[in-house]
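Since the model is a prediction, treat every value here as computed from it, not as a measurement. Positions are given from 1 along the sequence.
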Amino acid sequence: EAEQELSSVFESISDAFYTLDRDWRFVFVNPRAEQLMQRTRGELVGTSVWEAFPDAVDTVIEHQFRAAVSQGVAGEFEVYFPPLESWFVARCYPHPQGLAVYFQDISDRKRAEAAARQATAASERAQRMARLGSWEQDLASGELRLSQEADSIFGLGPGQAAPVLEMRPLQATSPDW
């Protein structure tokens with residue numbers, strides 16, 4: 001009964017989850033793992049992870065899995081897996097019968113990070129070309145961060161402190177009409 005309850009829990013979690021035995025064969029695959037790996041549990045259970053996904057051999061996936069089992073420590077890693085055209089974050093946990101793996105598709109986050117890097121690079125190029133600078137101030141700490149072009153405009157070299165700006169709270173006043 002406890003085994004059935006545990007199986008029910010793993011079936012219902014939103015993270016992809018599977019277990020491998022000591023011979024690296026799939027033992028359990030939940031529905032989310034089937035979806036992300038684009039394979040049914042019928043295709044996977046009893047098959048070696050290295051046979052099912054030969055492109056995982058000699059990658060961070062294999063290295064992390066084998067390290068977790070040989071060292072008896074959990075591992076966590078991010079990986080782009082070309083056959084599935086997706087980025088994943090995986091957590092692997094050794095257990096006496098093999099390895100348990102939880103993973104999530106983080107492709108959307110990776111695309112957003114890449115877009116942010118591209119936007120930042122484009123902004124920096126535009127500032128250099130126009131000889132404009134920008135700055136940000138952390139209101140909580142008072143730290144002032146200048147763009148590279150602003151550093152250049154202020155004549156600051158690498159490692160030089162940005163100018164200190166005194167920030168005073170705004171006060172609301174009403175006109176005397």
Heavy-atom distance under 4.5 Å between the side chains of Phe103 and Asp15, does that happen here?
no
In Å and rounded to the nearest 0.5 Å, what is the CG to CZ distance from Leu20 to Phe26?
5.5 Å
Test of understanding: with side chain to side chain contact (heavy atoms under 4.5 Å, CB included), list the residues that count as partners of Gln71, not counting sequence neighbours.
Ala67, Val73
Taking Ile106's backbone N and O only, do any of them form a donor-acceptor pair with Arg111's side chain (distance below 3.5 Å, no angle check)?
no
Residue pairs fulfilling salt bridge (Lys or Arg N to Asp or Glu O under 4.0 Å) with at least one residue in residues 43-61, sequence neighbours excluded
none
Rounded to the nearest 0.5 Å, what's the gap from CZ on Arg145 to CG on Asp138? Could you check?
5.5 Å
Membership question, hydrophobic clusters at under 4.5 Å side-chain separation (ILVMFWY): are Leu36 and Val29 in the same one?
yes
For Val89, run the side-chain contact (heavy atoms from CB on, under 4.5 Å) check against Arg109, Lys110, Glu78 and tell me which one passes.
Glu78
Can you check whether Ser107 reaches Glu85 side chain to side chain, under 4.5 Å on heavy atoms?
no
So which heavy atom on Trp50 is nearest to which on Glu62, and how close?
CH2-CA, 3.4 Å
Could you give the distance from OG (Ser48) to CG (Asp23), rounded to the nearest 0.5 Å?
8.5 Å
So which atom in Cys92 and which in Leu99 form the shortest heavy-atom distance, rounded to 0.1 Å?
CB-CD1, 3.9 Å
Measuring from Leu44:CG to Arg25:CZ, what's the distance to the nearest 0.5 Å?
14.0 Å
Any idea how Phe17 and Tyr102 line up, ring-wise: parallel (<30°), tilted (30 to 60°), or perpendicular (>60°)?
tilted
Kindly compute the distance separating CE (Met37) from CG (Asp105), expressed to the nearest 0.5 Å.
12.5 Å
Of all the heavy-atom pairs spanning Pro94 and Val69, show the shortest one and how long it is.
CB-CA, 4.3 Å
To check you understand the geometry: which heavy-atom pair defines the closest contact between Arg32 and Ala16, and what is its length?
CG-N, 3.6 Å
Would you say Tyr18 and Asn30 make side-chain contact, with heavy atoms under 4.5 Å?
no
Would Trp87 and Phe81 count as a side-chain contact (heavy atoms from CB on, under 4.5 Å) if you check the C-alpha gap in whole Å, the side-chain angles of each, and the deciding distance to 0.1 Å?
CA-CA 6 Å; Trp87 276 94; Phe81 194 57; over 6 Å; no
So, is the end of the Arg39 side chain (NZ or CZ) under 6.0 Å from the ring centre of Phe53 and within 45° of the ring's axis?
yes
Rounded to the nearest 0.5 Å, how far apart are CG of Leu84 and CD of Gln38?
5.0 Å
Go through the structure and list residues passing salt bridge (Lys or Arg N to Asp or Glu O under 4.0 Å) with Glu76, not counting sequence neighbours.
Arg91
Is it true that Phe88 and Phe77 have ring centroids separated by less than 6.0 Å?
no
